[in-house]
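The structure under discussion appears below in the form of structure tokens.
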2 protein chains.
Amino acid sequence: MTDRQPTLDEVARRAGVSRGTVSRVINNAPHVSRAARQAVERAIKDLDYVPNVAARSLATQRSGAVVLAVSSDDQALFTNPFFAEVIVGVNAALEETDLELLLILAASERGRNRLARVLQSRRADGVMLLALRENDPLAKVAAEGGVPVVHGGRSLGGSHHWYVDADNRDGARQAAEYLISIGRTRIATITGPLDMHVGVSRYLGFREALALAGLGDERVAHGDFTEASGAAAMARLLTDHPDLDAVLIASDEMAVGALGVLKERGRAVPGEIAVVGFDDVVTARHTHPTLTTVRQPIKALGREMIRMLLALIRGEQPTPLILPTELVIRESA
Amino acid sequence: MTDRQPTLDEVARRAGVSRGTVSRVINNAPHVSRAARQAVERAIKDLDYVPNVAARSLATQRSGAVVLAVSSDDQALFTNPFFAEVIVGVNAALEETDLELLLILAASERGRNRLARVLQSRRADGVMLLALRENDPLAKVAAEGGVPVVHGGRSLGGSHHWYVDADNRDGARQAAEYLISIGRTRIATITGPLDMHVGVSRYLGFREALALAGLGDERVAHGDFTEASGAAAMARLLTDHPDLDAVLIASDEMAVGALGVLKERGRAVPGEIAVVGFDDVVTARHTHPTLTTVRQPIKALGREMIRMLLALIRGEQPTPLILPTELVIRESA
DNA sequence: TTGAAAGCGCTAACAT
DNA sequence: ATGTTAGCGCTTTCAA
């Protein structure tokens with residue numbers, strides 16, 4: 001099972017050249033004759049040689065890996081399709097490079113220490129962070145790791161130097177404008193946590209659209225992105241603003257909860273009340289009625305995070321990125 | 001940003017001992033005096049020293065990482081909550097060790113090459129495989145990697161030496177017996193692909209229960225675990241066996257499709273037709289009615305895969321593991 | 001264009 | 001119990 005791998009020396013011997021030359025070929029450096037290069041390539045193929053990464057890292061001081069660290073208090077949060085899709089995007093982007101992906105789910109102190117250790121032991125050349133809360137301690141750990149850090153999503157305080165985010169504000173605005181365009185005038189919203197950038201910006205987009213249309217934006221309830229909070233918020237809205245004819249909900253998960261409440265109370269969707277969610281996670285296609293929602297370019301987000309990280313690793317100074325969002329119209333509005 | 005990390009030599013100098021002693025302390029080997037140990041520990045703390053993993057791997061011939069390779073044709077498949085939960089389980093188990101997790105989504109030839117490269121370059125000490133199809137080429141790549149391989153799920157041909165699987169057969173049997181216990185007698189099933197162990201075993205469990213009860217097991221349609229196939233199969237069953245009063249469906253995703261069809265045709269669930277799914281993915285709690293289903297111990301599966309892999313890496317010969325499944329009764333049956 | 005040699009930072013075998 | 005030394009397999013000067 002552990003049949004020793006061939007070494008670079010063996011390749012050199014077989015190709016009849018020096019180790020220096022083999023190394024040059026492998027890293028396709030200049031100053032190698034055609035003949036030498038071919039001999040080496042042949043030897044590599046013959047021996048099925050693959051460089052030992054430990055030795056290489058030791059010599060180059062680079063690990064050839066990046067880490068994706070996800071901060072989530074609740075393990076269930078990771079089950080959120082959002083993360084899976086980001087990972088798919090990151091993975092796809094990585095296939096273009098020769099980097100590997102280290103995954104760390106750092107919910108606890110322990111997880112954070114793991115990230116710290118990984119970075120300090122130089123096992124990774126950079127970090128991507130999917131942190132949920134404002135001032136997540138994981139961000140500090142990452143920042144102290146001595147390698148470039150790219151954030152998924154902005155922070156409220158603007159403390160993230162490099163990030164890739166979706167244009168949440170514009171997405172919410174599009175959604176609200178759509179509700180207006182189909183004749184709704186008493187539009188409510190269920191927001192996400194307002195101590196998160198994503199929560200605030202979706203709320204702002206909503207208000208902006210209503211203000212532009214001269215509509216009142218006083219129908220507001222707050223949630224925390226969970227399904228249960230969506231249900232509770234919907235119930236509150238129904239009580240406080242019984243006249244509402246539409247509701248823009250800051251996450252699909254909350255929308256699922258809200259739809260449940262509306263169904264219980266016998267309120268027709270979208271007949272009586274139009275509903276729009278946010279995120280376009282898979283669930284949105286399986287609700288009844290199917291959910292009109294704002295799509296975030298989740299895969300692109302993963303891809304761009306990698307791109308940005310690579311630029312930083314190369315020593316460049318990329319600019320933060322904001323990706324467009326798009327309204328997906330289904331049955332619920 | 002890249003303030004050079006302290007080296008073991010520096011620790012040794014600071015502690016006033018030899019490098020050998022420092023190394024012994026770090027790997028808590030025997031033969032170190034209390035005094036020396038304390039001096040070293042102090043120096044490590046003072047300098048905030050963390051061993052360089054490249055150097056260590058080079059010397060020990062171990063990488064300190066394992067890879068989780070997921071084979072999925074369709075990227076959407078990875079979005080399946082199943083994978084997310086396995087990852088959570090694996091991650092949790094890893095926190096107990098000092099191993100890191102490398103994630104490879106190997107849908108294509110390219111992804112497979114990545115796995116091959118990772119293994120040959122000795123970047124990982126073992127592989128966990130989540131392969132979907134029988135004879136997945138990824139399995140071959142992993143097997144040739146020269147490190148231990150643990151499979152999630154069995155293969156039909158028995159070609160997997162080490163695996164952790166759920167007791168699918170028993171789960172299906174439990175589900176069918178439950179349907180029988182609530183008085184259903186004309187029970188149908190929608191199977192998964194019968195060229196997969198998981199598909200076959202769920203089907204066998206179904207047949208077993210019906211045979212024991214002396215019921216006919218001729219009401220069968222086949223699907224491929226996707227929602228669409230579930231819908232199609234349900235439609236077929238309804239046509240071919242209009243008298244059926246219950247249906248055991250081999251995956252929750254297919255059950256969602258089937259529920260849609262039943263709803264369209266105005267067949268009451270569970271009144272007219274009782275429905276049981278399989279997997280207990282999150283979706284099962286959000287269908288209408290909520291789905292009675294068989295729970296797989298997904299997190300445990302991740303945990304046990306790691307445990308088995310570690311044993312193999314230590315050179316032990318663990319035995320394959322089959323984890324119990326459990327019926328979760330909700331509204332649909 | 002090529003070869004030789006000096007590390008990269010750690011472990012492990014061998015002395016003491 | 002501790003120190004010393006020879007690698008681990010690669011990259012990268014520096015000479016030639």
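Letters A, B, ... mirror the listed sequences (proteins, then strands); counts begin at 1.
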Please determine, for the side chain of [X], which listed nucleotide ([options]) has the closest atom?
X: Asn52(B); options: dG9(D), dC10(C), dC10(D); result: dC10(C)
X: Ala55(B); options: dT2(C), dG9(C), dT11(C); result: dG9(C)
X: Tyr49(B); options: dG3(D), dC10(C), dT11(D); result: dC10(C)
X: Ser18(B); options: dT2(C), dT11(C), dT2(D); result: dT2(D)
X: Ala36(A); options: dT2(C), dA6(C), dG9(C); result: dT2(C)
X: Ala59(A); options: dG9(D), dG3(D), dT2(C); result: dG9(D)

For the pair made of [atom1] in [X] and [atom2] in [N], what is the distance, rounded to whole Å?
X: Leu58(B); N: dA6(D); atom1: CG; atom2: P; answer: 17 Å
X: His31(B); N: dA12(C); atom1: NE2; atom2: P; answer: 14 Å
X: Glu10(A); N: dC8(D); atom1: CD; atom2: C1'; answer: 13 Å
X: Arg19(B); N: dA13(C); atom1: CZ; atom2: C1'; answer: 14 Å
X: Ile44(A); N: dC10(D); atom1: CD1; atom2: C1'; answer: 13 Å
X: Asn28(B); N: dA1(D); atom1: CG; atom2: P; answer: 14 Å
X: Arg37(A); N: dT1(C); atom1: CZ; atom2: P; answer: 10 Å
X: Leu47(B); N: dG9(C); atom1: CG; atom2: P; answer: 14 Å

query = Between the base of dG3(C) and the side chain of Arg24(A), is there a donor-acceptor distance below 3.5 Å?
reply = yes

key: 5' priority, DNA chain D, between Pro30(B) and Leu8(A) [closest heavy atom]   =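 Between the two, 5'-proximity favours Pro30(B).
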
Counting the atoms with a prime plus P, OP1 and OP2 as sugar-phosphate, which does [X] contact under 4.0 Å by heavy atoms, base, sugar-phosphate, or nothing?
X: Val17(A); value: sugar-phosphate
X: Val53(A); value: nothing
X: Ala54(A); value: nothing

For the pair [X] (side chain) and [Y] (backbone), establish whether a donor and an acceptor sit closer than 3.5 Å, ignoring hydrogens and angles.
X: Asn91(B); Y: Leu105(A); value: yes
X: Asp125(B); Y: Val66(B); value: no
X: Ser57(B); Y: Gln61(B); value: no
X: Asn27(B); Y: Ala29(B); value: no

inquiry  = Can you tell whether the side chains of Arg123(B) and Glu100(B) come within less than 4.0 Å, N to carboxylate O?
reply    = no

query = Could Glu10(A) and Arg13(A) be called an ion pair, given the rule that one side-chain N must be under 4.0 Å from one carboxylate O?
reply = no

Please tell me if [X] has a side-chain N or O lying less than 4.0 Å from either OP1 or OP2 of [N].
X: Ser23(B); N: dT11(C); result: yes
X: Asn27(B); N: dT11(C); result: yes
X: Thr21(B); N: dG3(D); result: yes
X: Ser33(A); N: dT2(C); result: yes
X: Thr60(B); N: dC8(D); result: no
X: Gln61(B); N: dT11(C); result: no

